[in-house]
Amino acid sequence: MKKLRYIVTMLALLITGALPMQAQTADSTEVEKLDAIVAEESATDATEDVDVNALVFGHIGDAYEWHIVTIGDTSIRIPLPVIVKSSTGWHCFSSSRLEEGETYEGLYIAEGGTYDGKIVERNAAGEEVRPLDISITKNVLGLFINSTVLVVILLSCARWYKKHPIEEGAPRGGVGMIESLVVMINKDVIKGCIGEDYKRYAPYLLTAFFFVLVNNLMGLIPIFPGGANVTGNIAVTLVLAMITFLFTNLFGTKAYWKDIFWPEVPTWLKVPIPMMPLIEFFGIFTKPFALMIRLFANIMAGHAAVLSLVAIIFITVKVGPVINGSMTVVAVLFGIFMDALELLVAFIQAYVFTMLSAVFIGLSLVKGHETH
């Protein structure tokens with residue numbers, strides 16, 4: 001209403017431009033007041049706008065604390081241990097000391113720049129530098145929790161098998177589900193892709209499958225202890241891809257390395273310019289890179305899509321109750337659909353990661369071609 005009143009007054013001033021100077025002076029004073037009101041409202045609106053980027057990346061990104069819920073002006077958070085080695089030595093304290101941009105022992109959380117959201121200090125030149133940081137962040141704590149859940153589930157299944165002999169029949173419920181997953185991955189994926197020497201790699205590949213699956217599912221739970229975006233963190237997927245890389249290349253056969261450095265192609269593709277050997281050698285690193293990016297991108301994109309749908313509810317508040325209500329219904333329905341789809345994606349990504357790892361390991365175990 002105030003903005004409408006401002007527009008009407010401006011039109012009136014334009015129409016009555018021939019008024020005496022005193023009247024125009026009085027009107028200009030009124031216009032200045034209205035300008036101040038509109039500027040104040042614009043500033044208020046700007047502060048109330050929803051920052052979608054901060055909302056999405058704040059939830060899927062890592063942090064030095066675990067935000068649980070905000071009730072009114074009260075924010076419930078779990079502060080986590082900060083462990084860093086700066087220029088003044090080792091520091092270990094609670095992340096609550098760094099809230100709201102505070103500085104503690106010369107350390108603070110950077111806002112913007114290269115180290116945005118990371119703990120930094122200033123060197124002698126006044127530049128922000130990052131110390132050695134081994135803090136227990138949200139993703140690290142989520143990794144501990146999810147790993148504990150995985151160990152408890154599998155040890156519970158092992159305990160059930162100790163108490164129930166095979167003669168009693170196949171297990172049911174959760175134990176039966178775990179058994180069916182183990183049999184499917186071990187027989188169809190690991191044995192099918194690697195071959196006769198599959199038992200040597202089965203422990204790692206089964207562990208990778210259940211590790212990725214549990215972390216994917218726990219990341220879909222919106223409340224503590226779920227919600228940590230572990231497999232959507234590229235550092236975690238990098239470590240998993242590196243382990244597959246080591247298994248693939250450390251145990252590769254002579255025929256595998258021969259096919260890389262002297263493949264069976266026309267000689268002019270190998271000498272004098274080693275075109276094919278370079279391509280094959282480059283492929284050694286592109287395989288684990290594809291593993292890393294595939295898992296990271298799919299999980300992060302799924303979380304970002306769900307959070308973006310939720311953000312629509314808050315973005316359309318200023319448009320009006322009708323549009324906001326209709327968009328809220330749409331956002332909730334699509335959010336439920338995306339959550340259901342994410343459950344399927346959680347399993348598919350764990351399956352694909354295990355299958356590709358088994359394929360890469362199986363290719364490295366190739367035997368020499370028979371000569372006829």
Side-chain angles (χ1 to χ4, degrees), residues 40 43-84 91-113 115-121 128 130-131 133-146 148-149 215 217-233 235-236 299-300 302-318 324 327-328 331-332 335 338-339 342:
E40 183 179 353
T44 305
D45 291 343
T47 57
E48 292 178 354
D49 285 341
V50 177
D51 190 345
V52 179
N53 289 334
L55 174 65
V56 173
F57 290 101
H59 282 76
I60 65 178
D62 204 359
Y64 292 98
E65 60 184 8
W66 195 312
H67 177 266
I68 298 178
V69 68
T70 299
I71 304 175
D73 296 331
T74 304
S75 181
I76 302 176
R77 306 169 183 266
I78 299 178
L80 301 174
V82 173
I83 307 171
V84 297
H91 304 270
C92 183
F93 53 89
S94 172
S95 62
S96 59
R97 297 183 179 273
L98 301 179
E99 291 181 354
E100 299 179 358
E102 295 182 2
T103 302
Y104 182 75
E105 297 181 351
L107 303 168
Y108 62 95
I109 298 178
E111 297 181 359
Y115 305 115
D116 184 29
K118 304 296 182 182
I119 292 179
V120 296
E121 62 176 342
E128 287 185 345
R130 193 177 176 195
D133 191 350
I134 56 172
S135 303
I136 307 298
T137 60
K138 177 182 177 181
N139 283 343
V140 174
L141 180 58
L143 185 62
F144 291 159
I145 294 173
N146 299 346
T148 303
V149 171
N215 279 281
L217 294 176
M218 290 292 289
L220 296 177
I221 301 175
I223 58 175
F224 183 84
N229 188 30
V230 177
T231 44
N233 187 303
V236 176
I299 300 303
M300 188 189 70
H303 290 183
V306 174
L307 290 169
S308 299
L309 288 172
V310 174
I312 293 176
I313 301 173
F314 303 98
I315 293 174
T316 57
V317 168
K318 297 179 181 178
N324 179 241
M327 292 305 298
T328 299
V332 170
M338 285 299 300
D339 278 331
E342 281 293 292

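Computed over heavy atoms, backbone and side chain alike; hydrogens, waters and symmetry mates excluded.
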Over all atoms of both residues, closest heavy-atom pair of V140 and S135:
CG2-O, 4.2 Å
Is it true that atom CZ of R130 has more than 12 heavy atoms of other residues, nucleotides or ligands lying nearer than 6.0 Å?
yes
Just by modelled atom types, is the I119 backbone N or O under 3.5 Å from a matching donor or acceptor in the Y64 side chain?
yes
To the nearest 0.5 Å, what is the distance between CZ (F224) and CG (L141)?
6.0 Å
Taking atom types as modelled, is there a side-chain donor on N139 or T137 under 3.5 Å from an acceptor on the other?
no
Do the side-chain N and O atoms of Y108 and E128 include a donor-acceptor pair separated by under 3.5 angstrom?
yes
Between CD1 of I109 and CG of D116, what distance do you get to the nearest 0.5 Å?
10.0 Å
So, taking the atom named CG in L220 and the one named NE2 in H303, what distance separates them when rounded to the nearest 0.5 Å?
5.0 Å
If you measure from CD on E99 to OG on S94, what distance do you get to the nearest 0.5 Å?
7.5 Å
Check for a donor-acceptor pair, side chain of S95 on one end and backbone N or O of P81 on the other, with a separation under 3.5 Å.
no
V149 versus M218, closest heavy-atom pair with distance
CG2-CE, 4.5 Å
When you look at V82 and Y104, which way does the side chain to side chain contact (heavy atoms under 4.5 Å, CB included) test go after all the steps?
CA-CA 11 Å; V82 173; Y104 182 75; over 6 Å; no
How long is the span from the CG atom in L107 to the CZ atom in R97, to the nearest 0.5 Å?
12.0 Å
Given the rule in the side chain to side chain contact (heavy atoms under 4.5 Å, CB included) test, do L309 and M338 qualify, once you have shown the distances and angles that lead to the verdict?
CA-CA 9 Å; L309 288 172; M338 285 299 300; 3.6 Å; yes
Residues P131 and V120: closest non-hydrogen pair is CD-CA, 3.9 Å
Closest contact, heavy atoms only, G302 versus E342:
CA-OE2, 3.3 Å
Which pair of heavy atoms, one from H67 and one from S75, lies closest together, and at what distance?
CD2-OG, 3.2 Å
What is the minimum heavy-atom distance between V317 and N324, and which atoms define it?
N-ND2, 3.5 Å
For side chain to side chain contact (heavy atoms under 4.5 Å, CB included), just list the numbers for K118 and D133, CA-CA rounded to whole Å, side-chain angles, deciding distance to a tenth of an Å, and then say yes or no.
CA-CA 9 Å; K118 304 296 182 182; D133 191 350; 5.7 Å; no
CG of N215 to CG of L143, rounded to nearest 0.5 Å, is 6.0 Å
